[in-house]
**Q** 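Quick one: the structure is below, and I'll ask about it shortly.
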Amino acid sequence: MNPFEKLRVGFALTGSFCTLETAFTCMEALILKGADITPIISHATATLDTRFGTAEETKRRLTLLTGRPPLSTVSEAEPIGPGKLLDILLILPATGNTLAKLAAGIADTAVTMAAKSHLRNNRPVVLALSSNDALAGGAKNIGHLLNTRNIYFVPFNQDAPAEKPRSMVFLTGKVMPAMEAALKGEQVQPIIG
């Protein structure tokens, strides 16, 4: 049985621009499995042009892949909860900034509002961490979120320990297993790969 067939997935992208190509690869894999994707983007992703591409290119690509324009404002994301529009929310990549806001209960972007709104239905939010300070200032937020009901993590690892000793990034091959486990109310193990 394919757990992703017709699964209503909110796929939220935040400003870890170096991982956006990986995000698109993961999104394409979910679509091939039959998932129904609602794209959601943070303010940074919606507005910033970087060496990894322009904001307009990102929005255009999301629309082409999913058949929907991405939700990019707080007011667009708020109906997710009341309408019970999603079965699961995947935030990939989830930056340290986003994790800090989630840990503090701040809902000031489309992504953080989507999480807040979705969590009111006791449905899973899966975080795919990508942060250069995960083992420094972000560690307390990770610890807090690990102990928050209905929040789950894609297993993660140090991505470049010699050059960036406090940086952690999600393991691409663990995205779908983490989502499957979260749908059962379980955290896939081990969390640190």
**Q** Heavy-atom distance under 4.5 Å between the side chains of L127 and I151, does that happen here?
**A**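 In contact.
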**Q** Looking at CD of Q158 and CD of E163, how far apart are the two atoms once the value is rounded to the nearest 0.5 Å?
**A**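 If I round to the nearest 0.5 Å, the distance is 11.0 Å.
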**Q** How long is the straight-line distance from CG of N141 back to OG1 of T148, given to the nearest 0.5 Å?
**A**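 Result: 10.0 Å between the selected atoms.
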**Q** Among N157, L145, V154, L99, find the residue that satisfies the side chain to side chain contact (heavy atoms under 4.5 Å, CB included) test when tested with L129.
**A**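 So the option named by the test is L99.
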**Q** Within this structure, what is the OG1-CD1 distance for the pair T58 and I41, rounded to the nearest 0.5 Å?
**A**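 The distance works out to 7.5 Å.
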**Q** Between A46 and K59, what is the shortest heavy-atom contact and its length?
**A**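 Residues A46 and K59, closest heavy atoms: O-NZ, 3.0 Å.
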**Q** Side-chain donor-acceptor contacts of residues 169-193 below 3.5 Å, not counting sequence neighbours, with atom names and distances?
**A**
unit_1 : atom_1 : unit_2 : atom_2 : d
Q187   : OE1    : F153   : N      : 2.8
Q187   : NE2    : F153   : O      : 2.7

**Q** Can you confirm whether T112 sits close enough to T109 that some side-chain heavy atom of one is under 4.5 Å from a side-chain heavy atom of the other?
**A**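 Answer yes - side chains close enough.
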**Q** Return the set of residues passing side-chain contact (heavy atoms from CB on, under 4.5 Å) with T95 (not counting sequence neighbours), or none when no residue passes.
**A**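 Listed in chain order: T14, S16, N97, T98.
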**Q** So do L32 and F4 actually touch side chain to side chain, heavy atoms under 4.5 Å?
**A**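 Not in contact.
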**Q** Kindly give the heavy-atom pair with the smallest separation between T45 and G15, and that separation in Å.
**A**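 Looks like OG1-N, 3.6 Å.
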**Q** Determine, for R61 against E21, whether the closest basic-nitrogen to carboxylate-oxygen distance falls under 4.0 angstrom.
**A**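 Yes, this pair counts.
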**Q** Decide yes or no for K101 and D108: does some side-chain heavy atom of the first lie under 4.5 Å from some side-chain heavy atom of the second?
**A**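 K101 vs D108: side chains touch.
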**Q** Can you list everything that forms a salt bridge (Lys or Arg N to Asp or Glu O under 4.0 Å) with R68? Sequence neighbours excluded, please.
**A**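 Checked R68 against salt bridge (Lys or Arg N to Asp or Glu O under 4.0 Å); matches are D36.
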**Q** Less than 4.5 Å apart, side chain to side chain, heavy atoms only: is that true for T66 and T38?
**A**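 No, too far: nothing below the 4.5 Å cut-off.
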**Q** Within the side chain of E57, is there an N or O that forms a donor-acceptor pair under 3.5 Å with the backbone of T54?
**A**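 Answer holds: yes.
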**Q** Can you measure from OG1 (T25) to CG (L20) and round to the nearest 0.5 angstrom?
**A**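 Here the rounded value is 11.0 Å.
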**Q** Nearest 0.5 Å, what's the NE2-CD1 distance between H118 and I80?
**A**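 The CD1 atom of I80 is 8.5 Å from NE2 of H118, to the nearest 0.5 Å.
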**Q** Using distance only, find each side-chain donor-acceptor pair of residues 82-93 under 3.5 Å and give its atom names and separation, not counting sequence neighbours.
**A**
unit_1 : atom_1 : unit_2 : atom_2 : d
D87    : OD1    : R8     : NE     : 3.4
D87    : OD1    : R8     : NH2    : 3.0
D87    : OD2    : R8     : N      : 2.8
D87    : OD2    : R8     : NE     : 3.4

**Q** Under 4.5 Å between any side-chain heavy atoms of M27 and L13, yes or no?
**A**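 Result yes, sub-4.5 Å side-chain heavy-atom pair found.
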**Q** Report the residues that fulfil salt bridge (Lys or Arg N to Asp or Glu O under 4.0 Å) with K116, sequence neighbours left out, ordered by chain and then residue number.
**A**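 Counting only residues at least two positions away or on another chain, K116 forms no salt bridge (Lys or Arg N to Asp or Glu O under 4.0 Å).
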**Q** What I'd like to find out is whether the side chain of F11 reaches to under 4.5 Å of the side chain of C26, using heavy atoms alone.
**A**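 Answer yes - side chains close enough.
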**Q** Taking only residues at least two apart or on different chains, which pairs with a member in residues 145-159 satisfy salt bridge (charged side-chain N to carboxylate O under 4.0 Å, His left out)?
**A**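 Qualifying pairs: D159-K164.
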**Q** I need the L71 CG to E76 CD distance, nearest 0.5 Å.
**A**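 If I round to the nearest 0.5 Å, the distance is 5.5 Å.
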